[in-house]
Structure formats: C-alpha cells, structure tokens
Asker: 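The structure under discussion is supplied below as structure tokens; questions concerning it will follow.
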Amino acid sequence: QEQVTEYGGGSVQAGGSLTLSCEAPILTYTMYCVGWFRQAPGKERGGVALIDSDGDKYSADSVVGRFTISPDNAKNMVYLQMSSLKPEDTAMYYCAARRGLCYHHMLRDPSEFTSWGQGTQVTVSS
C-alpha cells in the first residue's frame, strides 16, 4: 500500500511546463504524507513539495509560484505541475510517501519517508 511509482518527466525548454505523476496507494489511508524530492548530480536530495491528508502543503522557496502539488484521491495519484521551468530545475525527481502528516522540516530531512519511487528525470534546457 505504501509503494509509489512516478510517471512523466522528460526534456523541456526553459520557460516550459511539465507535469509529474505519482501513483500512491497510500492515499487510501486516513493519514498520509506524499512528497516530491529532487536530486541533481553532485547535490543532495532536497524537498520540492509535500501534501498530506489534512490538505496541508509545503513547498521549497525555489519553486513557490511555479510548482503545484495536488492529489486525486479517487485515482490514488499525486501530481506535481511544474511551470516556468528553469535549467536549475534539472534533476532526478522522486516521489515519496509515509503514514502520518507532513511537516515543513521534511523538505530538508526526508528520512521519515518510508517509501520511495525509482525516480524520473527532468531536464530543462536553456
């Protein structure tokens, strides 16, 4: 129930848009937190956006106003809509899930997430 799978990703020019999808059966639970993280070569994995069963959302400062995380509970999917993409958004993007709510510190410390997808590559060219 906690396994997650990412879909989407690809290459896009700067200023373009892309939507990532995460299949997350954990959405059937009463309490859950699903997040998107990213890791660029040579950099640590960092949080992009989180959403939980209470509807609370947290986003990294670098994506506020550009990225939107949203759930589709009927389909057990969580989407990350990305717009105004920049070359610095290039990274491997991962979906992660945990039972329990999200907290802001989880953007910096994803150790409490128990399920991780394989990742999907997003490349933004200038």
Asker: Can you tell if the side chain of Leu20 reaches within under 4.5 Å of the side chain of Met82, non-hydrogen atoms only?
Answerer: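 With C-beta onward as the side chain, the pair touches.
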
Asker: Measure the OG-CG distance between Ser59 and Leu50 for me, rounded to the nearest 0.5 Å.
Answerer: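 If I round to the nearest 0.5 Å, the distance is 7.5 Å.
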
Asker: Any idea which heavy atoms bring Cys22 and Val4 closest together, and the distance?
Answerer: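 Scanning both residues completely, I find the closest heavy atoms to be SG-CB, 3.8 Å.
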
Asker: Show every donor-acceptor pair shorter than 3.5 Å between a side-chain atom in residues 64-74 and any protein atom, with sequence neighbours excluded, or say none if there are none.
Answerer:
unit_1 : atom_1 : unit_2 : atom_2 : d
Arg66  : NE     : Ser62  : O      : 3.4
Arg66  : NH1    : Ser84  : O      : 2.9
Arg66  : NH1    : Asp89  : OD2    : 2.7
Arg66  : NH2    : Ser62  : O      : 2.9
Arg66  : NH2    : Asp89  : OD1    : 3.0
Arg66  : NH2    : Asp89  : OD2    : 3.4
Asp72  : OD1    : Ala74  : N      : 3.2
Asp72  : OD1    : Lys75  : N      : 3.3
Asn73  : ND2    : Tyr32  : OH     : 3.2

Asker: Please identify each residue that fulfils ring-ring contact (aromatic ring centres under 6.0 Å, His included) with Phe113, with sequence neighbours left out.
Answerer: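 Only Phe37 meet the ring-ring contact (aromatic ring centres under 6.0 Å, His included) criterion with Phe113.
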
Asker: Nearest 0.5 angstrom please: Leu101 CG to Ile51 CD1, how far?
Answerer: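 Leu101 CG to Ile51 CD1: 12.0 Å, rounded to 0.5 Å.
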
Asker: Please tabulate, for side-chain N and O atoms in residues 118-126, each donor-acceptor pair with protein atoms closer than 3.5 Å (sequence neighbours left out).
Answerer:
unit_1 : atom_1 : unit_2 : atom_2 : d
Thr120 : OG1    : Gly8   : O      : 2.7
Gln121 : NE2    : Ala91  : O      : 3.4
Gln121 : NE2    : Thr123 : OG1    : 3.4

Asker: Please name all residues satisfying salt bridge (charged side-chain N to carboxylate O under 4.0 Å, His left out) with Glu112, sequence neighbours left out, ordered by chain then number.
Answerer: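 By the salt bridge (charged side-chain N to carboxylate O under 4.0 Å, His left out) rule, Glu112 matches Arg98.
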
Asker: What's the spacing between Leu80 CG and Trp36 CH2 if we round to 0.5 Å?
Answerer: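 These two atoms lie 6.5 Å from each other.
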
Asker: Check for a donor-acceptor pair, side chain of Asp54 on one end and backbone N or O of Asp56 on the other, with a separation under 3.5 Å.
Answerer: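 No, Asp54 side chain to Asp56 backbone: no donor-acceptor pair under 3.5 Å.
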
Asker: Are Val63 and Arg38 packed together at the side-chain level, in the sense that at least one heavy-atom pair is separated by less than 4.5 angstrom?
Answerer: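 Of all side-chain heavy-atom pairs linking Arg38 with Val63, at least one is under 4.5 Å.
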
Asker: Taking the side chain as every heavy atom from C-beta outward, state whether Tyr29 and Arg99 have any pair of such atoms under 4.5 Å apart.
Answerer: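 SC-SC contact between Tyr29 and Arg99 confirmed.
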
Asker: Membership question, hydrophobic clusters at under 4.5 Å side-chain separation (ILVMFWY): are Val48 and Val12 in the same one?
Answerer: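 Yes.
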
Asker: Give the minimum heavy-atom separation between Cys102 and Val34, together with the two atoms involved.
Answerer: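 Heavy atoms of Cys102 and Val34 come nearest at SG-N, 4.1 Å.
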
Asker: Quick one: list whatever passes side-chain contact (heavy atoms from CB on, under 4.5 Å) with Gln39, sequence neighbours left out.
Answerer: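 Gln39 satisfies side-chain contact (heavy atoms from CB on, under 4.5 Å) with Arg45, Tyr94 only.
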
Asker: Any link between Val78 and Leu18 through a network of hydrophobic side chains (Ile, Leu, Val, Met, Phe, Trp, Tyr) touching at under 4.5 Å?
Answerer: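 In one cluster: yes.
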
Asker: Among pairs that include at least one residue of residues 12-25, which meet side-chain hydrogen bond (donor to acceptor under 3.5 Å, both in side chains), considering only residues two or more places apart or in two chains?
Answerer: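 Non-adjacent pairs meeting side-chain hydrogen bond (donor to acceptor under 3.5 Å, both in side chains): Tyr7-Glu23.
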
Asker: Can you confirm whether Asp61 is buried at CG, in the sense that more than 12 heavy atoms of other residues, nucleotides or ligands lie under 6.0 Å from that atom?
Answerer: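 Not buried by this count: 12 neighbours or fewer within 6.0 Å.
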
